[in-house]
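See structure below.
No hydrogens, no waters, no symmetry mates; every other heavy atom, side chains included, goes into these values. From a predicted model like this one, the values you see are computed outputs, not experimental measurements.
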Amino acid sequence: MVTEQPHGAGAGDGADGPVGESSVVPALNVFDPAPVAVAVFQGPEHVLTYTNAVYRRLFGDRPLGVPARQALSDLQPQEHFTLLDRVYWTGEPVAVGSDRPVRLEDGRGEVHDRWFSLSLSRAVPAGRAGSREEAGVLLVAMEVTGEVTAKERARLLSEKRLRALHRYQSLVTAGAQKVWVTDRDGGLIEGSPAWERVTGMSWEQLRGHGWLDAAHPEDRPELAEAWWRAVREVPELFRHRFRLRHKDGCHRHCELRAVPIREGGRVVEWVGACADVEDQWLAERRKELLARASAAVTESARADHAFAAVGRVIVPELADACGVYLFPESEPGAEQESGVIHRISATIRDGLSPGVAPLGPERVLPGSAFDQAIRERRPVHRRIGPGPVAPEAVPPGVAPWAETVGVHDVVMFPVTVAGSVHAVVAVYACHDREGFSRDELRLVRAVLDQSLPVFSTSLELRHTQRIALALQRSLLTDPPVVDGLEIVARYLPSSMADEVGGDWYDSFLLPDGATTLIIGDVAGHDLTAAVAMSKMRNMLRGLVVDRQEPPGDILRRLDVSTQILGTEEGTATCVYARIEGPEGGPWQLHFSVAGHPPPLLVTAEGEARFLDAAQDIMLGGLAPDQERASTKEPLPPRSTVLLYTDGLIERADEDIDEGLERLRRHAARLATEPLDDFCRALVAEPAASSNDDIAVIAARMPGPEGQEPEGSATVC
């Protein structure tokens, strides 16, 4: 076989081809061990006459003795056959690079895109160099698929990284988030236009650790400590919320997130983004504060306690101090006319001087900001400059304190219920605290609105309690003055029960000369209980005067009458007793008990015992037709009979028998005390701790003839 050399190559033996001269080459089997693919095509049809082992591995075991277009029918693109024609007819060698893949079926029958570097040259059989018909083309192919695909992967990766870089640069330039890059030690090395634009700080101010100065002064130490700890410990994600100062001087909450970038297992830098979360923070704060306010006022039954509880929610979260003013007795109209309002609470954050004037009544200055809030029924906001604080700019009684603590913002919120202003809540900002923002004032208003139903209920209850107490006191009249007898009555409303209850006492002279002693208790601590008590008292008075019957019969008639008349009260207990006897004695106690604690008899010698006969069920229609017992008990000279309600003996943590025994022993020790002191001492300790009203009425019998005191009666 002879191959033609390119122009300028050495001459062969008598080569007469159209281009160049031929040289003689060894037999074709010399290509068998070649590390490249070799094939020989002969004649104008390019009949495949030889392939070596590498060719067969790469292109498959192709049939010899057939034209190339048939042997390589699966070859794509077909332009490769044109190259065979070109080399065959012109004799010019051709080298083809790897810019395009070749698609063909390999030795395993799989079709792939592969890349080759091809070399084609003209070849003739040895000894017949001048025969064109027997000339052919020698194909040498080297596969470069690995190199090409590696280069392509590198190119794609480079483009991907370039796109990522462009995206990052676009994010930094135009994004809402403030993105930055720090070195491994946490110092800023690459800034962000968004960060500079929002904070108003230059790159020179931000670089290194200067970016920390953009945090609120109160948040800066915690932010710095958290960041240095992250740089030391290298968490996978660093997150921290703080207030970021904007170029207009305001502060907004943001969340900083940063991740470490590692190369070869070492941290080389940090990439961070700072997102504005003010709206999210406000929503979370609003939800949390409203929940706290709801819980605080729900636990407070009294209006003043409920308002004070709200003050503790507002301070220090929303303000440095909060003062609450309440019109007394829930009569705002009358109090506004008189210009008097009560400051009922003052909540001041830690670190501020608590030197505000003592709580109590204050006079509203006409034309002041406080007066304007009441008259116009809307919040009034005043900003106060340095120097003396004008009294008309702040709520009553706080001007000296406001000047001392540096109040610069005060807002007065009127609390309106049923069209009337019942209270005013004032909030204060002092010293370095920023002035109240619109969002903060909306939140204060929301806290007050959230609490308004409880305020309304408490204020209504307060008004009802005042009416009930007035009704109750109007019915608790002075005991009668009876020759020879001392009668003392006391009534103490419980502070826990808000001064309303169904306890009552009564005493009066009967036409037959007897003196009545009555004690009773209607269930409940509200206006309904007070009204029910007044009905029972008046009804019992009428029955006692009209009927000269034993006390048990009188109480039975009372029970029946309350049911017939359709009164709405529930159950009640009562003791009806008559002190009977001729002038100078002896005397006796004729009585009946309807579910009430028994009367206590204390002798002058200090013996005390309960009169527990004539006990029957309570009043309330449980058994209105049932006969009720009456009994009589002698009353020795100078002895004392005591009627009382359960507030005197009941304690939440003990059995009723323990309370009765405590009362018995205490009364025995007081047997010789004046009757007024006797009653005062008995109620003193229970009044301080009881959750119920306390009513007592006591009568002391005259002494032996010649020792009788003048008749007296006392009520407290």
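- The shortest side-chain heavy-atom distance between L365 and P396 does not fall under the 4.5 Å cut-off.
- Using modelled atom types, one side-chain atom of T516 and one backbone atom of F508 make a donor-acceptor pair closer than 3.5 Å.
- Between W401 and Y428, the ring-plane angle classifies as perpendicular under the 30° and 60° cut-offs.
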Quick one: side chains of residues 659-666, donor-acceptor pairs under 3.5 Å with protein atoms, not counting sequence neighbours, listed by atom name and distance.
residue, atom, partner, partner atom, Å
E661, OE1, R664, NE, 3.2
E661, OE2, R664, NE, 3.4
E661, OE2, R664, NH2, 2.8
E661, OE2, R665, NH1, 3.4
R662, NH1, E654, OE1, 3.2
R662, NH1, E654, OE2, 2.8
R662, NH2, E654, OE2, 2.8
R664, NH1, A608, O, 3.3

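- In this structure D612 satisfies the side-chain hydrogen bond (donor to acceptor under 3.5 Å, both in side chains) test with no other residue, sequence neighbours excluded.
- With sequence neighbours left out, the side-chain hydrogen bond (donor to acceptor under 3.5 Å, both in side chains) criterion links Q588 to E580.
- Remark: Y325 engages F370 in a ring-ring contact (aromatic ring centres under 6.0 Å, His included) (not counting sequence neighbours).
- Formation of a donor-acceptor pair under 3.5 Å by the R628 side chain with backbone atoms of I617 is found in this model.
- Using a 3.5 Å distance cut-off with no hydrogens or angles, the side chains of D503 and Y491 do not pair a donor with an acceptor.
- At least one side-chain heavy atom of V522 sits under 4.5 Å from a side-chain heavy atom of M536.
- Within the 4.5 Å cutoff, the side chain of P702 has heavy atoms near those of the W587 side chain.
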Please list every donor-acceptor pair under 3.5 Å in which a side-chain atom of residues 544-555 meets a protein atom from a residue at least two apart or in another chain.
residue, atom, partner, partner atom, Å
E549, OE1, R557, NE, 2.8
E549, OE2, R557, NE, 3.3
E549, OE2, R557, NH2, 3.0

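- Among residues two or more places apart in sequence or in another chain, the ring-ring contact (aromatic ring centres under 6.0 Å, His included) test is passed with F591 by none.
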Point to revise | Verdict with supporting geometry, H422 and S420, side-chain contact (heavy atoms from CB on, under 4.5 Å) | key: CA-CA 6 Å; H422 287 251; S420 296; 3.9 Å; yes
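- In this model, a donor atom of one side chain and an acceptor atom of the other lie less than 3.5 Å apart for R700 and T640.
- Note that the CG atom of L326 and the CD1 atom of I344 stand 4.5 Å from one another [nearest 0.5 Å].
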Exercise for review: Output, in order, the C-alpha distance, side-chain angles, deciding distance and verdict of side-chain contact (heavy atoms from CB on, under 4.5 Å) for V427 and I314.
Suggested key: CA-CA 8 Å; V427 295; I314 293 174; 3.9 Å; yes
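- With contacts defined as side-chain heavy-atom distances shorter than 4.5 Å, the pair V683/V696 qualifies.
- Of the possible polar contacts, none joining the D616 side chain to the A594 backbone as a donor-acceptor pair under 3.5 Å is found.
- Look at E607 and R669 and you find no salt bridge, because none of the NZ, NE, NH1 or NH2 atoms lies under 4.0 Å from a carboxylate O.
- Minimum interatomic distance between Q615 and P598 (heavy atoms only, all atoms of both residues): NE2-CB, 3.5 Å.
- Atom SG of C574 sits about 10.5 Å away from atom CG of D559, to the nearest 0.5 Å.
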Practice item. Check the pair T672 / F678 against side-chain contact (heavy atoms from CB on, under 4.5 Å), numbers first and verdict last. Key: CA-CA 8 Å; T672 59; F678 174 89; over 6 Å; no
Review point. Going through the distances and angles, do E317 and L289 end up as a side-chain contact (heavy atoms from CB on, under 4.5 Å)?
Key: CA-CA 9 Å; E317 191 69 30; L289 283 177; 3.7 Å; yes
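- The number of heavy atoms from other shown groups lying within 6.0 Å of CG (D350) does not exceed 12.
- The two atoms that bring L600 and R609 nearest to each other are CD1-O, 3.3 Å, heavy atoms only.
- The side-chain heavy atoms of V424 and V415, taken from C-beta on, include no pair separated by under 4.5 Å.
- Checked by atom type and distance alone, the side chain of H596 never pairs as donor or acceptor with a backbone atom of L643 at under 3.5 Å.
- For the pair T645 (side chain) and D521 (backbone), a donor-acceptor distance under 3.5 Å is absent.
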